[in-house]
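Counting begins at 1 with the first residue of the sequence.
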Amino acid sequence: MTRLLRFVAALLLVMLPLCALGQTYFCTQDGTRLTYRCTTVKDGATKWVNEWTIGSSKTASDGSRTVSYTVFQKDAKGKSKMKAPVRLSVGITPEGDVLMDLSQSALVLARAFLPKAEISAHGKTTVLPSSMKPGDRLPDASVIAGYAKLSYSANVTERKVLRRETINTPAGSFDCIVISEHKVEKAPAFSRVTTALSWYSDGIGLVRHDTYDKDMKLETSEVLVSVK
């Protein structure tokens with residue numbers, strides 16, 4: 001069960017920021033560190049702290065770019081089962097659309113928690129258009145990963161651009177676009193149905209991510225607390 005929980009915990013990192021990637025809704029400034037704190041709404045307790053550090057960008061002859069970044073997650077006590085930050089990347093087309101290979105991200109993150117395990121994964125490349133606006137419907141997303149006889153799947157549907165909104169966070173005030181999505185996750189002895197609202201700001205990316213249970217009761221809120 002411990003290995004299953006570590007396996008699922010790794011893959012949850014893949015699915016959390018699905019919508020955080022669009023036009024300039026992803027930070028591309030080399031060296032920038034974005035720190036997020038996730039709290040349980042019921043008692044305000046810290047559930048985890050995520051640190052994203054933006055790395056270098058590579059530009060191809062057609063104008064498309066690959067932006068590298070690392071993810072490091074700590075628990076409420078500042079401890080992590082990850083020995084080091086995990087290196088990931090996204091692609092940005094010349095038009096500003098952002099591409100994320102979910103299967104590759106799932107493999108990298110799962111291996112950070114289970115480095116000796118033979119893990120497989122497949123899923124869709126998530127595409128977010130550069131011209132998102134309120135009323136738009138975004139493509140569905142999914143990923144399936146396997147380890148030994150264990151498997152994890154996540155399907156994200158009903159992805160809608162709701163509105164534009166200015167919100168205040170510990171990191172400052174941000175003009176955002178708000179996206180909602182419906183998510184179904186399954187693994188042995190684990191099943192979850194949630195709805196999420198996510199706020200993204202031009203040049204920063206994810207600013208806030210709220211998760212509701214199947215009865216639309218707010219469970220957790222992850223908020224940007226610093227930009228360095």
Side-chain angles (χ1 to χ4, degrees), residues 12-30 32 34-36 38 50 52 54-55 57-60 62-69 71 88-106 123-143 154-169 171-185 194-212 216 218 220-225 227:
L12 290 176
L13 284 174
V14 178
M15 299 307 293
L16 177 62
L18 271 178
C19 295
L21 313 171
Q23 194 187 10
T24 51
Y25 298 114
F26 186 81
C27 183
T28 59
Q29 182 63 47
D30 190 356
T32 302
L34 309 170
T35 302
Y36 302 88
C38 180
N50 273 335
W52 291 29
I54 307 302
S57 299
K58 293 183 179 180
T59 303
D62 64 356
S64 61
R65 290 183 292 164
T66 300
V67 181
S68 65
Y69 66 104
V71 175
L88 301 170
S89 65
V90 298
I92 303 177
T93 69
E95 295 76 27
D97 298 342
V98 177
L99 315 176
M100 181 179 185
D101 186 337
L102 295 183
S103 60
Q104 184 61 32
S105 296
K124 297 179 180 178
T125 296
T126 302
V127 181
L128 287 143
S130 60
S131 56
M132 288 190 294
K133 61 184 183 301
D136 284 354
R137 296 275 182 152
L138 301 180
D140 294 344
S142 64
V143 64
N155 288 287
V156 184
T157 59
E158 301 176 32
R159 303 177 68 204
K160 298 175 288 187
V161 182
L162 299 181
R163 61 184 180 272
R164 296 189 183 277
E165 182 179 354
T166 299
I167 63 171
N168 295 313
T169 75
S173 179
F174 298 92
D175 295 325
C176 299
I177 194 163
V178 186
I179 296 172
S180 68
E181 61 187 20
H182 180 74
K183 185 190 304 180
V184 178
E185 297 168 285
T194 56
T195 297
L197 291 184
S198 302
W199 286 255
Y200 308 102
S201 181
D202 183 14
I204 292 293
L206 183 66
V207 170
R208 176 175 165 179
H209 180 86
D210 289 355
T211 300
Y212 296 79
M216 290 304 295
L218 183 60
T220 60
S221 183
E222 183 162 13
V223 178
L224 182 65
V225 295
V227 179

Report task. Identify the residue among M216, H182, K183 that makes a side-chain contact (heavy atoms from CB on, under 4.5 Å) with T194. Result ->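 Going through the options one by one, the only one that passes is K183.
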With distance as the sole test, does [X] use its side chain to make a donor-acceptor pair with the main-chain N or O of [Y] at under 3.5 Å?
X: S198; Y: H209; result: no
X: R208; Y: V223; result: no
X: Y25; Y: M132; result: no

Search all heavy atoms of [X] against all heavy atoms of [Y] and return the closest pair with its distance.
X: T28; Y: S57; answer: O-OG, 4.1 Å
X: R164; Y: K133; answer: NH2-CA, 4.4 Å
X: D210; Y: E222; answer: OD1-N, 4.4 Å
X: T166; Y: D175; answer: OG1-OD1, 2.5 Å
X: W199; Y: L197; answer: CZ3-O, 3.4 Å

Do [X] and [Y] have side chains that approach each other closer than 4.5 Å (heavy atoms only, starting at C-beta)?
X: I167; Y: V178; result: no
X: L224; Y: L206; result: no
X: V227; Y: T32; result: yes
X: I54; Y: Q29; result: no

Query raised in the report: Going by the angle between their ring planes, with limits at 30° and 60°, are Y69 and F26 parallel, tilted or perpendicular?
Result: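 If you compare the ring of Y69 with that of F26, the planes turn out perpendicular.
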Report task. Supply the atom-to-atom distance I204 CD1 to C176 SG, rounded to the nearest 0.5 angstrom. Result ->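 Reported value, rounded in 0.5 Å steps: 9.5 Å.
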